[in-house]
Amino acid sequence: MKPTISQETIAKWQRIVDLIARVADVPASLVMRTHTPHHSVFVTSRSNNNPYEVGCGFTLSEKLYCYGVLKRNGELTVENATQDPEWCDNDDLEHGMSFYIGYPLKWPDGTIFGTICVLDSRRNQRALLFREGLQEFARVIESDLSLLVEIDRRTALEAELQATLDQLEQRVANRTADLEEANAALRVLLSSVETSRQEYDAKILSQIKGLVVPHLAKLRGRMDSDPAGRIYLDLAEESLKSITSEMSGQLTTIFESLTPTEQEIAQLIMRGQTTKDIARTLSREPSTIEFHRNNIRAKLGLKRSGKNLRSLLLSIQ
């Protein structure tokens, strides 16, 4: 499919045919457009006694000057059609145009665009001398056709590239949304796991204190006469105290003093994440994370101590 001829290009060709008409001193200078079998006036000079108007159409046949140009694939000069057996009955004689010079116009791929020509009602010596100039103007018009094809090709490539970029941007946006959703689900899962662990530890601690320790106290009252049994009982109580002390220290002494958000941040600090990492994980501003870090340090007695928060948290893990 050939590109549309822009109005800017048509205006340029209008200046060309007007200039040709003045320089060659002819009544008609034309750029003709061919859509086989039709052949019509595409641009016509604004000169006196020019009988051809834009859109004036012909059917390509042996009685048309331009047909001879296309058939020869080159220059056609007819100095006086009335005295030329080949052209004495051509269609342009209806307008009295017995003099003709024309050249083919082609697209860059070699297909025919049409012709450029001059016509007169008399043998025009000045136009004959201007044939090389007319041929050069034909090359100018063909250069314009090449430029239009290149512009059309680049426009199509830019549109294709933009479509590809739009698709890539959409894929990135979709992927980002999927990752954000996955991160949110992971945060919920981690929070749920941590909560479940804390609840489990609290339940075990409660059961030890409520179900085991009271029975040990009763058992101690009945073992006054059994020194060996009291030793084993002491070992059992010490072991239970060690277990409950460790669990109580982790769940109450440290974390119970922190808010849920501070507990979550403290756990991420223990995993080695930086302020920026935590901000990205929790979808918060780094300044917000830094605020909570300072609160944790204050609650744990680390403010202005120079001690490392992560080191302390790991030490009570």
Side-chain angles (χ1 to χ4, degrees), residues 1-47 50 52-62 64-78 92 97 99-120 124 126-166:
M1 184 175 179
K2 304 303 184 187
T4 301
I5 309 301
S6 67
Q7 290 301 315
E8 180 181 3
T9 300
I10 293 175
K12 176 183 177 181
W13 292 357
Q14 183 67 60
R15 292 191 296 271
I16 287 175
V17 295
D18 288 345
L19 178 60
I20 292 172
R22 289 196 303 270
V23 173
D25 190 24
V26 293
S29 174
L30 311 174
V31 172
M32 304 292 290
R33 183 74 184 268
T34 301
H35 291 291
T36 306
H38 304 294
H39 192 67
S40 60
V41 177
F42 192 69
V43 183
T44 182
S45 59
R46 294 170 292 197
S47 47
N50 184 353
Y52 302 100
E53 297 181 355
V54 172
C56 179
F58 304 88
T59 299
L60 285 173
S61 69
E62 294 181 354
L64 198 66
Y65 289 133
C66 290
Y67 177 83
V69 173
L70 300 179
K71 184 178 180 181
R72 288 171 172 78
N73 193 28
E75 178 188 313
L76 172 65
T77 299
V78 179
D92 289 289
M97 297 296 158
F99 178 86
Y100 177 90
I101 301 175
Y103 295 93
L105 297 173
K106 298 180 182 180
W107 289 101
D109 62 2
T111 57
I112 293 296
F113 172 83
T115 60
I116 183 172
C117 57
V118 294
L119 299 100
D120 203 341
N124 190 320
R126 187 168 173 178
L128 289 171
L129 295 174
F130 188 67
R131 281 182 297 179
E132 289 186 5
L134 183 62
Q135 191 171 16
E136 287 303 314
F137 278 121
R139 301 293 81 79
V140 170
I141 291 177
E142 288 184 335
S143 294
D144 289 340
L145 293 175
S146 296
L147 179 60
L148 290 172
V149 169
E150 180 63 19
I151 291 173
D152 192 63
R153 185 185 69 84
R154 293 189 180 187
T155 300
L157 287 175
E158 288 175 2
E160 183 179 349
L161 177 60
Q162 186 60 52
T164 301
L165 290 175
D166 291 342

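Below, each value reflects all heavy atoms present in this structure, side chains not excepted, and no hydrogens, waters or symmetry copies. Remember, it's a predicted structure, so these values are computed and weren't measured experimentally.
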Value rounded to 0.5 Å, distance of [atom1] in [X] from [atom2] in [Y]:
X: Asn124; Y: Leu119; atom1: CG; atom2: CG; value: 11.0 Å
X: Cys117; Y: Glu75; atom1: SG; atom2: CD; value: 12.5 Å
X: Ile151; Y: Glu158; atom1: CD1; atom2: CD; value: 10.5 Å
X: Ile101; Y: Leu134; atom1: CD1; atom2: CG; value: 7.0 Å

Non-hydrogen side-chain atoms of [X] and [Y] separated by less than 4.5 Å:
X: His39; Y: Thr115; value: yes
X: Ile5; Y: Leu145; value: yes
X: Trp13; Y: Val140; value: no
X: Phe113; Y: Glu142; value: no
X: Tyr52; Y: Asp92; value: yes
X: Ser6; Y: Leu148; value: yes
X: Val41; Y: Met32; value: yes
X: Val26; Y: Phe130; value: no

Decide if atom NZ of Lys71 counts as having more than 12 heavy atoms of other residues, nucleotides or ligands within a radius under 6.0 Å.
no
Taking everything shown except Glu150 itself, do over 12 heavy atoms lie less than 6.0 Å from its CD?
yes
Under the salt bridge (Lys or Arg N to Asp or Glu O under 4.0 Å) test, which residues partner [X], sequence neighbours left out?
X: Glu136; value: none
X: Asp152; value: none
X: Arg22; value: none
X: Lys106; value: none

For residues Ser45 and Val17, report the shortest heavy-atom separation together with the two atoms involved.
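Result for this residue pair: CB-O, 3.6 Å.
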For the student: nearest non-hydrogen atoms of Thr34 and Gly114, plus distance
OG1-CA, 3.4 Å
Only one of Ile116, Asp25, Leu30, Val31 clears side-chain contact (heavy atoms from CB on, under 4.5 Å) with Ile20; which?
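Among Ile116, Asp25, Leu30, Val31, the one meeting side-chain contact (heavy atoms from CB on, under 4.5 Å) with Ile20 is Ile116.
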How far apart are the C-alpha atoms of Leu76 and Tyr103, what are their side-chain angles, what is the distance that settles it, and do they pass the side chain to side chain contact (heavy atoms under 4.5 Å, CB included) test?
CA-CA 7 Å; Leu76 172 65; Tyr103 295 93; over 6 Å; no
If we ignore hydrogens and angles and just use 3.5 Å, is the side chain of [X] paired with the main-chain N or O of [Y] as donor and acceptor?
X: Ser47; Y: Pro27; answer: yes
X: Arg131; Y: Leu128; answer: yes
X: Asn50; Y: Ala28; answer: no

What I want to find out is whether Arg139 reaches Asp144 closely enough, with some N-O distance under 4.0 Å, to be called a salt bridge.
no
Does Leu64 form a side chain to side chain contact (heavy atoms under 4.5 Å, CB included) with Leu60? I'd like the steps, not just the answer.
CA-CA 6 Å; Leu64 198 66; Leu60 285 173; 4.0 Å; yes
Hey, could you give me each pair passing salt bridge (Lys or Arg N to Asp or Glu O under 4.0 Å) that has a residue in residues 31-44? Not counting sequence neighbours.
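Listed once each, the pairs would be none.
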Take Ile10 and Phe42 through the test side chain to side chain contact (heavy atoms under 4.5 Å, CB included) and record every step on the way to the result.
CA-CA 9 Å; Ile10 293 175; Phe42 192 69; 4.0 Å; yes
Taking ring-ring contact (aromatic ring centres under 6.0 Å, His included) as the test, write out the residues that go with Tyr65, two or more places apart.
Trp87, Tyr100
Are Leu19 and Arg15 close enough, and set up right, to give a side chain to side chain contact (heavy atoms under 4.5 Å, CB included), and what steps lead you there?
CA-CA 6 Å; Leu19 178 60; Arg15 292 191 296 271; over 6 Å; no
Would you please test Asp120 and Arg126 for salt bridge (Lys or Arg N to Asp or Glu O under 4.0 Å) and show each step?
CA-CA 11 Å; Asp120 203 341; Arg126 187 168 173 178; over 6 Å; no
